[in-house]
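Inspection log for the structure reproduced underneath, given as structure tokens.
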Amino acid sequence: MAHAGVHDPVLVCLSIAIAMLASFVALDLAGRMKAATGFARRAWLTVAALVLGGGVWSMHFVAMLAFRLPGLEITYDLGLTLLSLALPVAVTAFGLAVAQRRKAGPGAIVAAGLVTGLGIVSMHYTGMAAMRLPAALHYDPAWVAASVLIAVGAATVAIRLTLRESGLALRIAASGAMGLAIAGMHYAAMQGLHVMQAGAADHAAIGAGIGQVRLAAGVTAVTFLVLTLALAAAAVDRRVSQRAAREAAALRASEERYRLLLQSVTDYAIFMLDRDGVVANWNAGARRIKGYEAEEIVGAHFSRFYTAEDRAEGAPARALATAAENGKFEAEGWRVRRDGTRFWASVVIDAIMGDDGRLVGFAKVTRDITERLRAQAALEQAQAALAQAQKMEALGQLTGGVAHDFNNLLMAVLGSLELLRKRLPDDPRLLRLLDNAVQGAERGAALTQRMLAFARRQELKPEAVDLARLVRNMTDLLQRSIGPGVRIETRFPVGLPPALVDAHQLELALLNLVVNARDAMPEGGLVTIAARLEHGEPVGEAAPTLCLAVTDTGIGMDEATLARAQEPFFTTKGVGRGTGLGLSMVHGVAAQSRGRLVLRSRPGAGTTAEIWLPVAAPVSAPATGSEEAARRPSSGRLLPSQVVLVVDDDPLVLENTAAMLEDLGHRVIEARSGREALDLVRRARTLDLVLTDHAMPEMTGLQLAARLAAERPGLRLILATGYADLTPEEAAGLPRLAKPYDQATLARMIAHVMQGTEASPADDGTVVPFSKSA
């Protein structure tokens with residue numbers, strides 16, 4: 001007869017809860033499975049299969065324990081029961097494995113769901129087959145089909161959900177639906193079960209159900225413990241994974257910032273090398289400095305950046321060896337760009353060590369410091385030029401100080417010699433010796449004037465200069481300066497107009513050019529000094545200009561040397577043979593005279609230096625002899641005797657000047673300082689003229705002149721000086737007599753001051769002409 005079974009409602013609910021919890025844990029573990037890779041991925045796949053398959057079986061077993069047939073004792077075959085446990089685990093593992101494939105499409109998911117669903121149904125009916133009871137079991141085909149459809153649908157949905165990223169709420173909802181579906185599959189199958197009993201029921205055996213409840217409770221406890229442990233493991237793994245993900249994200253962000261930093265740096269070439277020196281990466285600075293694109297250089301050896309000489313000497317290998325041994329290598333040197341050009345580089349190579357202390361590679365930083373090198377060289381050159389300028393300034397200061405004392409000495413020598421000549425007997429040999437002494441003193445005076453002009457301590461005045469006469473008067477000096485191995489030729493056309501230039505400056509410039517020409521002809525040669533008149537050359541003006549040219553037959557200059565020849569302190573001569581100021585001084589003379597210096601030269605063809613000067617304005621015809629005689633006093637002795645106060649702190653000059661004045665017939669009062677002169681002026685009843693030195697201690701000649709102008713207006717005064725750095729305002733309106741002077745010049749100056757006559761330009765006393773000097 002048919003036997004109707006009953007279900008324990010508590011165990012039914014417990015089975016449904018097991019199905020839902022198993023589904024939730026399986027979905028959670030599926031998420032861990034997707035996040036893992038390699039062995040961890042396979043481990044989580046196994047755990048998820050055990051949890052879901054085992055949960056399904058546990059739900060099925062508890063549901064089977066919930067089913068009772070009153071009067072019948074139900075037992076289970078152990079082998080089939082274990083087989084029913086293995087089936088859901090195996091098919092669940094298969095389905096999850098299919099779902100976790102990278103390219104699992106809808107077809108694969110449906111196939112996996114079909115296999116998994118059929119496996120679960122097989123698990124159910126295998127479990128039913130494991131039942132041992134005195135009755136026959138029959139199944140309704142319709143309910144069997146319904147249970148199959150439910151199992152396949154639930155398995156397909158479960159596999160599909162494992163592919164999706166889902167939050168907690170979605171997983172709870174999905175696990176609830178899956179749990180109900182799995183439980184529904186079981187109870188739908190049980191609904192189609194028909195039990196046929198052969199004899200009467202033994203109601204005494206009904207109490208066996210209590211044992212089923214305990215068994216179900218035990219299975220449930222074990223199931224919940226396993227699911228809880230799996231869920232806890234998943235939570236721990238999720239937390240660890242999240243921490244690792246945050247660290248990985250921070251690391252990626254840091255690496256991205258580092259990459260952006262390196263790519264944004266353009267002043268430095270920063271890149272990595274492996275242990276063998278092969279380039280591993282490339283930044284924008286490296287591309288800018290070295291000229292290589294990343295795809296051109298990554299994978300190549302860094303020795304490509306070295307010069308051929310450095311590569312031949314093994315410099316790249318030494319650099320890596322030093323960095324590996326000491327941790328760092330620093331150097332400066334020439335490196336080569338992609339286009340073959342060289343640049344001066346500052347290089348730092350740092351060794352990179354791994355966690356185990358082994359060498360991993362190198363970090364290389366290169367900076368192009370070519371401009372810094374050039375700036376440093378320019379600075380050193382400027383410092384050398386400054387030092388030279390300071391030396392020249394010191395020389396100028398020394399020259400100015402020495403000139404005063406030296407002129408005083410020459411003043412005493414020349415004045416004494418001139419007075420001595422008047423008192424010597426007419427002996428030709430004595431007169432010749434005396435003339436030689438006078439000529440030597442005059443040359444010393446001319447040398448002092450040139451030193452002052454060089455030091456810019458002499459007041460320079462442009463005047464009309466006959467170039468032919470100037471060169472002719474300098475011929476002996478020039479020939480002695482260059483030696484016997486060089487000949488000098490002069491070429492001056494007839495009727496050449498005078499040039500407007502300072503004569504002494506032009507002499508110095510010409511001397512410099514001739515000496516430079518001599519140095520350019522170490523084996524001797526020819527120096528040609530010529531002049532010509534041009535219109536509009538080289539300054540492009542319509543006014544005529546004069547060209548004074550010095551040409552040699554020396555070695556000449558190349559374009560680079562010619563371009564720098566006029567730079568201050570540039571010289572091609574050896575150390576100690578030149579200051580590099582010669583041509584720059586000549587350039588300055590020409591520029592100050594409203595002209596210019598032009599150099600022309602070729603290697604092996606000699607050099608031509610041209611000084612272009614303006615032509616002096618035409619002057620009126622010189623006065624006739626009678627007119628000049630009427631304008632100039634014929635002799636110092638025709639001037640009435642004057643009372644002259646002579647002021648000088650040098651006893652030799654004071655005595656010599658007094659002797660020349662007394663020889664001219666004047667009365668002399670001597671003073672050794674400005675204060676003594678003031679006392680004498682205040683006591684003197686008669687005083688016609690004051691002749692005072694300028695450079696005196698305590699009170700200068702200018703200060704004395706100012707005091708006398710206040711106390712004795714109208715008193716005539718002459719300022720005598722061998723060196724005076726006077727401003728135009730200070731010197732205005734004050735007659736000056738340049739030391740050393742002779743007696744004739746002194747007489748003319750006194751006549752000019754006392755009689756108000758106009759001194760000729762050549763005899764104004766500011767520059768003493770030495771006709772016999774070279």
Side-chain angles (χ1 to χ4, degrees), residues 38 240 243-380:
V240 173
R243 183 184 299 114
R246 287 195 298 269
E247 293 176 354
L251 180 60
R252 286 194 299 272
S254 176
E255 290 177 347
E256 180 64 16
R257 288 193 297 269
Y258 180 70
R259 187 187 67 81
L260 292 176
L261 173 63
L262 290 185
Q263 289 302 321
S264 63
V265 173
T266 58
D267 290 337
Y268 293 84
I270 305 175
F271 52 94
M272 309 293 292
L273 305 175
D274 66 10
R275 290 182 298 178
D276 297 325
V278 175
V279 179
N281 56 20
W282 202 243
N283 80 323
R287 182 169 61 252
R288 184 188 68 83
I289 294 174
K290 298 181 181 292
Y292 291 94
E293 296 295 333
E295 56 272 13
E296 294 178 288
I297 200 63
V298 172
H301 198 269
F302 85 112
S303 60
R304 179 179 298 186
F305 310 133
Y306 283 73
T307 63
E309 310 91 79
D310 289 343
R311 289 198 300 270
E313 295 176 359
R318 285 200 306 272
L320 293 184
T322 302
E325 180 179 356
N326 302 329
K328 176 179 285 189
F329 170 81
E330 295 184 69
E332 291 185 3
W334 291 109
R335 295 295 184 270
V336 182
R337 294 188 176 91
R338 182 179 182 275
D339 59 5
T341 59
R342 296 189 176 190
F343 65 98
W344 189 258
S346 171
V347 178
V348 178
I349 302 178
D350 288 301
I352 302 176
M353 301 295 179
D355 296 336
D356 56 356
R358 298 179 62 185
L359 179 66
V360 175
F362 302 92
K364 188 171 185 293
V365 180
T366 303
R367 187 182 182 189
D368 183 356
I369 58 171
T370 308
E371 292 302 322
R372 191 183 77 180
L373 180 67
R374 293 172 180 169
Q376 183 177 356
L379 177 61
E380 292 175 354

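The figures that follow rest on heavy atoms only: side chains count, while hydrogens, waters and symmetry mates do not.
You'll find the side chain of Val279 stays beyond 4.5 Å of the side chain of Arg304, heavy atoms only. Put simply, the side chain of Ile349 reaches to within 4.5 Å of the side chain of Phe302, judged on heavy atoms. In this structure, Arg311 and Val336 have side chains that are not in contact, with every pair of non-hydrogen atoms separated by 4.5 Å or more. Looking at heavy atoms from C-beta onward, Ile297 lies in side-chain contact with Phe305 at the 4.5 angstrom threshold.
Considering every non-hydrogen atom in both His301 and Asp276, the closest pair reads NE2-O, 2.8 Å. In this structure, Ser346 and Ile369 approach most closely via the heavy-atom pair CB-CD1, 3.9 Å. Taking each heavy atom of Gly291 and Glu296 in turn, the nearest pair found is O-OE1, 4.4 Å. When every heavy atom of Thr266 is checked against every heavy atom of Ala284, the shortest pair comes out as CG2-CB, 4.3 Å.
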**Message:** Run the side-chain contact (heavy atoms from CB on, under 4.5 Å) test on Arg287 and Tyr292 for me, step by step, so that the C-alpha distance in whole Å, both residues' side-chain angles and the decisive distance to 0.1 Å come before the verdict.
**Reply:** CA-CA 5 Å; Arg287 182 169 61 252; Tyr292 291 94; over 6 Å; no
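Electrostatic pairing of Arg372 and Glu332 counts as a salt bridge here, judged by a charged N lying under 4.0 Å from a carboxylate O.
A distance of 10.0 Å separates CG of Asn281 from CD1 of Ile270, quoted to the nearest 0.5 Å. For the atom pair CZ (Arg337) and CZ (Arg342), the distance works out to 12.0 Å, reported to the nearest 0.5 Å. Expressed to the nearest 0.5 Å, how far CD1 of Ile289 lies from CZ of Arg367 amounts to 9.0 Å.
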Pair up each side-chain donor or acceptor in residues 351-364 with any protein partner under 3.5 Å, not counting sequence neighbours, and list the distances.
{"unit_1": "Asp356", "atom_1": "OD1", "unit_2": "Arg358", "atom_2": "N", "d": "3.2"}
{"unit_1": "Lys364", "atom_1": "NZ", "unit_2": "Thr366", "atom_2": "OG1", "d": "2.8"}

Which pairs of donor and acceptor atoms, one on a side chain in residues 316-328, lie under 3.5 Å apart (sequence neighbours left out)?
{"unit_1": "Arg318", "atom_1": "NH1", "unit_2": "Glu313", "atom_2": "O", "d": "2.5"}
{"unit_1": "Thr322", "atom_1": "OG1", "unit_2": "Arg318", "atom_2": "O", "d": "2.8"}

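Annotation for Arg338: atom CZ does not count as buried by contact number, only 12 or fewer foreign heavy atoms lying within 6.0 Å. The neighbour count for Arg288 CZ, taken as heavy atoms of other residues, nucleotides or ligands under 6.0 Å away, is above 12.
Note: Trp282 and Phe271 have tilted aromatic rings, judged against thresholds of 30 and 60 degrees for the angle between ring planes.
Every pair passing ring-ring contact (aromatic ring centres under 6.0 Å, His included) that includes a residue from residues 336-360 is listed here, sequence neighbours excluded: Trp334-Trp344.
Put simply, the side chain of Asp350 never gets that close to the backbone of Val365: no donor and acceptor are under 3.5 Å apart.
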